[in-house]
Amino acid sequence: MIPLELLHDLAQLERGPRQLLELLHRLAVDTAHARAYKVMPSEVTLHQSQELLAAALGCHRVTVWRWTQVLKAAGLLDARKHYTTSGKATRADGTVYAVALKEGIRPRLRYADLAHQWRDLDADRRAGHTAWKALQQSSTPTEVDWYLRLKTWAVNPGQTESPLLSDCCTAPQTVQDVTYALPLLGEAHASKRGELVGMLADALAHALNDPHSQRWYCRLIWNAWTVEVEGRAGLQALAAQLARLDIDRREWEDLRNPAALLAARMR
């Protein structure tokens, strides 16, 4: 992936707009990996909450809006409010951003991006999956916590926390749960990391109907963590493979053994 500073001339930007662009670019890269595109796109469109972006950047949401206008005017991204039907009214449910991932691209939102139903606002409100709910939590999130929430929202709009963050008593159950939870290995205390790896491996073994291979999944996750510790994107690479496999399970009607397919891809 081309670094942001090689995509754009950032010298023109003040600190605030640059921080917002850096954050959105990082989210766009992670979202592209989570969506498991077969070919890396020139730009990524993602849905976000300006309230959560503001919290992560330590500013007011109006400031995020103002910085967004600066970046739009400079051609560094495109952004518009997104509207959906809630009850009998039309309401804004977030902001859609287009972010460049390749050189020479001026990001641009298209009709399909704005017409897409990114989230079910009524269902999210009933389930408590709102930015307001996340901001009311009593704990004081770290910078990493905020990023994980933004990343989860980008991949699955309306969600602000992975299952393990939102409820420590709830074990991951699906491949998607494991994909979202992998970054938590970096936050887990060393004494708890083994337990978390075991939970993730169990979830994969059951989700892929491969209960006898739990140890192999443990080794797979530990290997990814080892690569991460060495300074490479081991967890991100594994998350991308799992996201790709999850898509294949839904779209590949003749896929009989997804566990074997994952093993072949990880060799």
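Quantities reported herein were computed from a predicted structural model and do not represent experimental measurements. Sequential numbering from 1 along the given sequence is applied to the chain's residues.
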**Message:** I'd like to know whether L24 forms a side-chain contact (heavy atoms from CB on, under 4.5 Å) with L53, so could you lay out the CA-CA distance, the side-chain angles of the two residues, the decisive distance to 0.1 Å, and finally the verdict.
**Reply:** CA-CA 9 Å; L24 289 170; L53 288 170; 4.2 Å; yes
**Message:** One pair to check against side-chain contact (heavy atoms from CB on, under 4.5 Å): L121 and T85. What are the steps and the verdict?
**Reply:** CA-CA 8 Å; L121 186 57; T85 300; over 6 Å; no
**Request:** Output, in order, the C-alpha distance, side-chain angles, deciding distance and verdict of side-chain contact (heavy atoms from CB on, under 4.5 Å) for H47 and W153.
**Result:** CA-CA 7 Å; H47 184 284; W153 187 294; 3.0 Å; yes
**Request:** List the steps, then state whether side-chain contact (heavy atoms from CB on, under 4.5 Å) holds for I247 with R244.
**Result:** CA-CA 5 Å; I247 292 173; R244 178 185 175 192; 5.9 Å; no
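Here CZ of R249 is found 8.5 Å from CG of L255. Values are rounded to the nearest 0.5 Å. Between the CG atom of L245 and the CG atom of L208 there is a distance of 6.0 Å, given to the nearest 0.5 Å. How far OG1 of T130 is from CD of E51: 9.5 Å, rounded to the nearest 0.5 Å. A distance of 9.5 Å separates NE2 of H25 from CG of L10, quoted to the nearest 0.5 Å. Separating the CH2 atom in W65 from the CD atom in Q50 is a distance of 9.5 Å, to the nearest 0.5 Å. Residue T68 holds its OG1 atom at 10.5 Å from CG of D78, rounded to the nearest 0.5 Å.
When the shell of 6.0 Å around NE2 of H206 is examined, it contains 12 or fewer heavy atoms from other residues, nucleotides or ligands.
Considering only heavy atoms from C-beta on, W146 comes within 4.5 Å of L52 through its side chain. No side-chain heavy atom of S42 sits under 4.5 Å from any side-chain heavy atom of L101. Using a 4.5 Å heavy-atom threshold, the side chains of V70 and L20 count as separate. You'll find the side chain of H8 stays beyond 4.5 Å of the side chain of L13, heavy atoms only. Here the side chains of N257 and N209 are not in contact, with every heavy-atom distance at 4.5 Å or above. You'll find the side chain of R267 stays beyond 4.5 Å of the side chain of R265, heavy atoms only. By the 4.5 Å heavy-atom criterion applied to side chains, L242 and L262 are counted as neighbours. In this structure the side chain of W225 never reaches within 4.5 angstrom of the side chain of V197, judged on heavy atoms.
For the residue pair S86 and D122, a side-chain donor N or O sits within less than 3.5 Å of a side-chain acceptor on the partner. No side-chain N or O of Q176 forms a donor-acceptor pair with one of T174 less than 3.5 Å apart.
The closest donor-acceptor contact from the side chain of R91 to the backbone of A89 lies at 3.5 Å or more, if one exists at all. Side chain of Q48 to backbone of V96: no donor-acceptor contact under 3.5 angstrom is found. Between the side chain of D202 and the backbone N or O of M199 there is no donor-acceptor pair closer than 3.5 Å. For R193 (side chain) and L185 (main-chain N/O), a donor-acceptor pair under 3.5 Å exists by modelled atom type. Without hydrogens or angle criteria, N156 side chain to Q159 main chain gives no donor-acceptor distance under 3.5 Å.
Looking at R15 and E22, no side-chain N of the basic residue comes within less than 4.0 Å of a carboxylate O on the acidic one, giving no salt bridge. Ion pair K133/D124 not flagged as a salt bridge, since none of the NZ, NE, NH1 or NH2 atoms sits closer than 4.0 Å to an Asp/Glu carboxylate oxygen.
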Tabulate below the donor-acceptor pairs under 3.5 Å that side-chain atoms of residues 215-224 make, not counting sequence neighbours, or state none.
residue: Y217; atom: OH; partner: D210; partner atom: OD2; Å: 2.9
residue: N223; atom: ND2; partner: R219; partner atom: O; Å: 3.3

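A single hydrophobic cluster is not seen to contain both L114 and V99; linkage of ILVMFWY side chains at heavy-atom distances under 4.5 Å, directly or through other members, places them apart. A single hydrophobic cluster is seen to contain both L23 and W67, as judged by linkage of ILVMFWY side chains at heavy-atom distances under 4.5 Å, directly or through other members. Connection of I105 to L27 is not established within any shared hydrophobic cluster, with ILVMFWY side chains joined at heavy-atom distances below 4.5 Å, either directly or through further cluster members. Following chains of ILVMFWY side-chain contacts shorter than 4.5 Å, one cannot reach V227 starting from L182, and the two form parts of different hydrophobic clusters.
Considering all non-hydrogen atoms of both residues, G198 and Q214 come closest at O-NE2, 3.6 Å. The minimum heavy-atom distance between K81 and A92, with the atom names listed, is CD-CB, 4.4 Å. The two residues A32 and M40 have their closest heavy-atom pair at CB-SD, 3.7 Å. When all heavy atoms are compared, the tightest approach of A74 to Q12 is CB-OE1, 4.1 Å. Smallest separation of non-hydrogen atoms from A79 and K72: O-NZ, 2.9 Å. The minimum heavy-atom distance linking L21 with L77 is given by the pair CD1-CD2, 4.1 Å.
R26 pairs by the side chain to side chain donor-acceptor pair (under 3.5 Å) definition with nothing, not counting sequence neighbours.
Using cut-offs of 30° and 60° on the angle between ring planes, the pair W118 and H82 is perpendicular.
When E228, Q236, E230 are each tested for a side chain to side chain donor-acceptor pair (under 3.5 Å) with R232, only one passes: E230.
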